[in-house]
Peer 1: 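Got a structure for you, questions after.
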Amino acid sequence: QVQLAESGGGLVEPGGSLRLSCVYSGRLGSIVAMGWYRQGSGTQRELVAHINKDGSTKYDDSVKGRFTISRDNVRNSIDLQMNNLKPEDTAVYYCNAETRPYGYWGQGTQVTVSS
């Protein structure tokens with residue numbers, strides 16, 4: 001019922017910036033919240049940032065002050081501005097749409113932070 005398309009990943013130097021975008025489509029009224037998750041090599045998928053319908057947000061402590069999640073109601077997208085990137089931010093980043101009773105995932109976009 002919900003389709004997600006992520007973009008914006010790539011290779012960046014430490015201290016650099018990237019902006020990820022997740023365009024969502026389908027039964028948009030069913031979405032109650034959205035978020036960005038990431039999964040590094042050999043690690044579990046973890047929450048990076050989360051945004052509710054009212055615009056309230058939460059961030060993992062490791063990205064607070066560096067990442068910003070936002071909603072673009074014109075494009076129907078959730079964006080993640082990532083600044084001051086660190087090598088430990090390297091991961092596949094996934095967009096998630098929370099619905100009832102299910103959730104939906106995008107295909108993922110690779111972010112690599114390396115000198």
Side-chain angles (χ1 to χ4, degrees):
Q1 291 186 313
V2 177
Q3 296 81 47
L4 307 172
E6 303 114 321
S7 63
L11 175 64
V12 66
E13 296 277 334
S17 298
L18 286 173
R19 186 174 182 88
L20 306 183
S21 180
C22 172
V23 176
Y24 50 90
S25 60
R27 298 180 64 87
L28 306 186
S30 67
I31 301 174
V32 298
M34 297 192 71
W36 281 97
Y37 292 70
R38 66 186 180 189
Q39 185 170 12
S41 179
T43 69
Q44 297 184 134
R45 190 171 298 184
E46 63 181 7
L47 176 67
V48 176
H50 181 271
I51 185 167
N52 287 313
K53 274 191 170 182
D54 64 1
S56 62
T57 59
K58 284 189 174 182
Y59 298 89
D60 183 81
D61 286 342
S62 67
V63 306
K64 281 184 177 179
R66 300 188 298 120
F67 291 11
T68 303
I69 188 170
S70 61
R71 179 186 295 112
D72 186 331
N73 290 322
V74 176
R75 297 178 62 245
N76 284 336
S77 71
I78 296 295
D79 301 323
L80 185 68
Q81 179 65 45
M82 306 186 295
N83 298 325
N84 192 24
L85 284 160
K86 304 175 180 180
E88 51 262 45
D89 295 319
T90 295
V92 178
Y93 284 70
Y94 296 90
C95 182
N96 172 259
E98 296 179 24
T99 64
R100 295 175 182 170
Y102 307 110
Y104 296 87
W105 294 94
Q107 81 285 354
T109 184
Q110 176 71 50
V111 172
T112 302
V113 184
S114 177
S115 60

Peer 1: Side chains of Arg75 and Ser21: is there a donor and an acceptor less than 3.5 Å apart?
Peer 2: yes

Peer 1: Could you pull out the closest heavy-atom pair between Lys53 and Val32, with the gap in Å?
Peer 2: CG-O, 3.5 Å

Peer 1: Walk me through whether Ile51 and Arg71 qualify under side-chain contact (heavy atoms from CB on, under 4.5 Å).
Peer 2: CA-CA 8 Å; Ile51 185 167; Arg71 179 186 295 112; 3.9 Å; yes

Peer 1: Looking at Lys58, I'd like to know if its NZ atom is crowded, meaning that more than 12 non-hydrogen atoms belonging to other residues, nucleotides or ligands lie closer than 6.0 Å.
Peer 2: no

Peer 1: Over all heavy atoms of both residues, which pair between Gly9 and Val111 is shortest? Give the atoms and the distance, please.
Peer 2: CA-CG2, 4.1 Å

Peer 1: Tracing side-chain links under 4.5 Å among I, L, V, M, F, W and Y, which residues wind up in one group with Val74?
Peer 2: none

Peer 1: For residues Gly108 and Val92, report the shortest heavy-atom separation together with the two atoms involved.
Peer 2: CA-CG1, 3.8 Å

Peer 1: With a 3.5 Å distance limit and no angle check, can you tell me whether Arg27 reaches the backbone of Gln1 through a side-chain donor-acceptor pair?
Peer 2: no

Peer 1: Please list all pairs passing the ring-ring contact (aromatic ring centres under 6.0 Å, His included) test where one or both residues lie in residues 58-99, with sequence neighbours left out.
Peer 2: none

Peer 1: Which atom pair, heavy atoms only, marks the closest approach of Ile78 to Met34?
Peer 2: CG1-SD, 3.3 Å

Peer 1: So, Gln81 versus Asp79: side-chain donor-acceptor pair below 3.5 Å or not?
Peer 2: no

Peer 1: Please enumerate all residues that pass side chain to side chain contact (heavy atoms under 4.5 Å, CB included) together with Thr90, with sequence neighbours excluded.
Peer 2: Gln110, Thr112, Val113

Peer 1: Can a donor-acceptor pair be found, under 3.5 Å and without considering hydrogens, that links the side chain of Asn52 to the backbone of Asp54?
Peer 2: no

Peer 1: Quick one: closest heavy-atom pair of Val2 and Leu4, and the distance?
Peer 2: CG1-CD2, 3.9 Å

Peer 1: Which pairs, with at least one residue in residues 19-48 and sequence neighbours excluded, count as a ring-ring contact (aromatic ring centres under 6.0 Å, His included)?
Peer 2: Tyr37-Trp105

Peer 1: Any carboxylate oxygen within less than 4.0 angstrom of a Lys/Arg side-chain nitrogen, looking at Lys86 and Asp89?
Peer 2: no

Peer 1: Sequence neighbours left out, what pairs pass disulfide (SG to SG under 2.5 Å) with at least one residue falling in residues 10-104?
Peer 2: Cys22-Cys95

Peer 1: Write down the atom of Gln107, the atom of Ala5, and the distance for their closest heavy-atom approach.
Peer 2: OE1-CA, 4.0 Å

Peer 1: Spell out, yes or no, whether Val23 and Tyr104 are grouped together once hydrophobic residues are joined by side-chain heavy atoms under 4.5 Å, including indirect joins.
Peer 2: no

Peer 1: Below 3.5 Å, can you tabulate the donor-acceptor pairs from side chains in residues 41-49 to any protein atom, sequence neighbours excluded?
Peer 2:
residue : atom : partner : partner atom : Å
Thr43   : OG1  : Gly40   : N            : 2.8
Thr43   : OG1  : Gly40   : O            : 2.9
Glu46   : OE2  : Arg38   : NE           : 3.0

